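We use all heavy atoms of the structure for the numbers below, so side chains are in, but hydrogens, waters and symmetry mates are not. What you see is a predicted model; the values in this text were computed from it and never measured. Each chain gets a letter, A, B and so on, in the order its sequence line appears, and its residues count up from 1.
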There are 2 protein chains.
Amino acid sequence: MDAIERPGSAQERTVGRILTAAARLFAARGLAGVGLREITAEAGVNLAAVNYHFGSKERLLEALFLRRARPITEERLRLLALCREAPGRPPMLEQLLEAFLRPAFSLGLEAGVDGATFGRLRARLSVESEDLYRRILSQAFNASTRAFLDAVAAALPDLPRAEVEWRFHFMLGTMIYTMADSGRIQSVGDGLCRPGEVETALARLVPFLCAGFRAPPT
Amino acid sequence: MDAIERPGSAQERTVGRILTAAARLFAARGLAGVGLREITAEAGVNLAAVNYHFGSKERLLEALFLRRARPITEERLRLLALCREAPGRPPMLEQLLEAFLRPAFSLGLEAGVDGATFGRLRARLSVESEDLYRRILSQAFNASTRAFLDAVAAALPDLPRAEVEWRFHFMLGTMIYTMADSGRIQSVGDGLCRPGEVETALARLVPFLCAGFRAPPT
DNA sequence: GTCTATACAGTGATAGAC
DNA sequence: GTCTATCACTGTATAGAC
């Protein structure tokens, strides 16, 4: 426990270098496109170091993911605590969705070297049904997401709980697909929608989703 | 040209058996989780047959995908031609979204042995930004999707084109994330939203999305 | 043309020496 | 703890049989 916590120790240096190299390479060329040998070469460590410190390539990915996900959860909860009904402020629902979505976009898409494609990584994990990935996402996001689900339900007291969950699910879909920025809409449309533009995406998403949430129940 | 078209020929039999086996195995265990040796063993053909007939594992996937995607496109265009404004019918926007979404769900999620997880496969491809996958999706869906994008824009004459494209993009996100059925919402909510239920999903999606499309432009 | 057997260069993982 | 050597396995390529 001591060695892994003390910054500057040989072990911590090795782990950090692996994480940095892996983040850069995964971002540049995707998960399957880069091998352990390339990661360890760039990090200047031995091939076996990855399996020694992380256990497997997949668990290296997990460590990488959790390191970037935590700030999102924390910022979400911080913003949630600031939401309140008051004259001159937007309606509660708008505040909640903004507080939920903004950290995912601002911290997930633009912060730091590996942030540029953390959104893509997250999107890939989010459409996978494999157990490992579900576990990673739950571990990273369940706490904050559940809090927002309940807050949205409270802000829409006339909407049955099942409908709230469905619409929340739809919101997750729009968020994740936008973060993935796959280029699909550019290929089908006239290029007027560019999901990579964070502020534009948020400004379009919130009114769209709020209108959907407020639709009469079926 | 003759041999590949005549059903029952030795070649057609081999190709068909590979496609069937690959569809089942990809569906069961994902794309990376199954090797060529397992596919060829189940199909009762030689290992090299895949590369001989398809060129690579990825192009096998492409053939598989296009085979199942074509009926979706055709059914969409058939339903689009039936949409019209008339007394006693739902508003045009509702008709359009229903015509766009229903074939993706009904043909993509439940028809045939490999249909059960064609939706998952499609979702995985849809969040990928790699060129091959973008090409596959364009080839499969651009014709029908573009037609619907224009029809929706015509049904919402007061909405700027950019806004239409953004909201259409959001719709794609809800559709794809629902088809992926990753289990995420069940893990965060109370299990009241089960994206695998096609009719329920459609009944919830259409009003939600129509309300979003009709939100005032920002 | 179709199919087979086999070889090849690459992967992630690991046992055991130091 | 770290490294070397090696393992079992992957997708792909090819030479040659039918």
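Between B:R184 and A:E128 there is no salt bridge, since none of the side-chain N atoms of the basic residue sits less than 4.0 Å from a carboxylate O of the acidic one. Taking 4.0 Å as the cut-off between side-chain N and carboxylate O, B:R102 and B:E75 do not count as a salt-bridged pair. Salt-bridge check for B:E165 with B:R161: passed, with a basic side-chain N closer than 4.0 Å to an acidic carboxylate O.
As a whole-Å value, the separation of A:N46 CG from D:dT2 P is 10 Å. Protein atom CG of B:L61 is 17 Å distant from nucleotide atom C1' of D:dT12, rounded to whole Å. For A:N51 and C:dT14, the CG to C1' distance is 8 Å, given to the nearest whole Å. Rounding to whole angstrom units, CD of residue A:E58 and C1' of C:dT11 are separated by 14 Å. Atoms CD (A:E38) and P (C:dT11) sit 9 Å apart, rounded to a whole Å. Atom CD1 in B:I18 sits about 10 Å away from atom P in C:dT4, given to the nearest Å. Residue A:F54 contributes atom CZ, which lies 12 Å from atom P of D:dT2 at whole-angstrom precision. To the nearest angstrom, P of C:dG12 lies 7 Å from CD1 of A:I39.
The phosphate of D:dT2 has OP1 or OP2 within less than 4.0 Å of a side-chain N or O from A:H53. Contact annotation: A:S56 does not reach the phosphate of C:dG12 (side-chain N/O to OP1 or OP2, under 4.0 Å).
Panel note: side chain B:R120, backbone B:D181; a donor-acceptor pair is recorded below 3.5 Å.
The shortest side-chain heavy-atom distance between A:E199 and A:F105 does not fall under the 4.5 Å cut-off.
Distance from the side chain of A:L47 is smallest for C:dA13 among the nucleotides D:dG11, C:dA13, C:dC3. The side chain of A:Y52 approaches D:dG1 more closely than any other nucleotide in the set D:dC3, D:dT12, D:dG1.
If B:G35 and A:A48 are placed on DNA chain D by their nearest nucleotide, the residue sitting closer to the 5' end is A:A48. Projected onto DNA chain C by closest heavy-atom contact, A:L36 and B:R37 fall at different nucleotides, the more 5' of which corresponds to B:R37.
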